[in-house]
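Step one of this worksheet: look at the structure below.
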Amino acid sequence: GGIDFAHKSGLYLGTWATNIKWIKDSGASDGNVEMDIYGGYKGSVGDVGYDVGFLRYEYVKNNYAQTGGVNASTNEVYGAVTYGLFTAKYSHAISDLFGNANSKNSYYLDLSAALDLGDGYTLTPHVGRQSVKNNTAYSYNDYALTLGKDLGNGLSASAAVIGTNADKALYITPEGKFTGKTGVVVGLKYAF
């Protein structure tokens, strides 16, 4: 779940939290909560919208470093531009990336489109590229296709198919479970 505050000036703050397994799956004894904390500014110049900000991925009480990695918590700065249906976003890690040692300056590039299907339905195709600095074998592409529905009165629902081409020999738990497999994510959002 999460909550966002957007001011009419363009400034925004938000947080989002979920349970995770990847830190415990790596052999660490704790770190099963991810809390994202972010803030930034959105605006526009003519027909081009922009968004700049900071994002902290906080893995509460994680002891990932004790399993041979570095602290899993990660700091990123990002910038996005939107023109018409299309958005491009660049995120840059200013710390090590998700417990990968010497991975500062890794980046993520996200390209998406917002297609209005009518009757409150939207379709959002996405493709992304995670580049891991000093360890390119861990770099991968990801993709998603999200169908959204405006249910009225500030309520909306979504369903997404998400997958990657992550290396099956590298993105596995100690028990041999592949962590980059294709999955489905459903969501419910309320705006007030």
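Keep in mind that the numbers below use all heavy atoms, side chains included, and drop hydrogens, waters and symmetry copies.
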Could you tell me if the side chain of Ser131 sits less than 4.5 Å from the side chain of Leu109, heavy atoms only?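 Leu109 vs Ser131: side chains apart.
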Report yes if some heavy atom in the side chain of His7 is under 4.5 Å from a heavy atom in the side chain of Leu13; otherwise report no. no
With distance as the sole test, does [X] use its side chain to make a donor-acceptor pair with the main-chain N or O of [Y] at under 3.5 Å?
X	Y	result
Thr87	Leu85	no
Ser106	Ala93	no
Asn32	Ile20	no
Ser91	Tyr78	no

Work out which heavy atom in [X] is nearest to a heavy atom in [Y]; give both atom names and the distance.
X	Y	value
Leu123	Pro125	O-CD, 3.6 Å
Lys104	Asp96	N-OD1, 3.3 Å
Leu111	Ala88	CD2-CB, 3.6 Å
Ile162	Ala144	CG1-CB, 3.9 Å

Quick one: do Phe178 and Leu170 end up in the same hydrophobic cluster if we chain Ile, Leu, Val, Met, Phe, Trp and Tyr together by side-chain heavy atoms under 4.5 Å apart? yes
Among Tyr108, Tyr38, Trp16, Phe98, which one satisfies ring-ring contact (aromatic ring centres under 6.0 Å, His included) with Tyr57?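 Single ring-ring contact (aromatic ring centres under 6.0 Å, His included) partner of Tyr57 among Tyr108, Tyr38, Trp16, Phe98: Phe98.
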Just checking Tyr171 against Tyr140, ring centres under 6.0 Å apart?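 So the answer is yes for these two rings.
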In terms of side-chain heavy atoms, does Asn165 have a donor or acceptor partner in Tyr143 at a distance below 3.5 Å? no
In this structure, are over 12 heavy atoms from other groups packed under 6.0 Å from Lys149 atom NZ?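 Result for NZ/Lys149: enclosed.
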Using a 6.0 Å cut-off, check whether atom OH of Tyr107 has over 12 heavy atoms from anything other than its own residue.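 No, not enclosed.
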Residue pairs passing the side chain to side chain donor-acceptor pair (under 3.5 Å) test where at least one lies in residues 152-162, sequence neighbours excluded: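 Every candidate side chain to side chain donor-acceptor pair (under 3.5 Å) pair involving residues 152-162 fails, so no pair, neighbours aside, qualifies.
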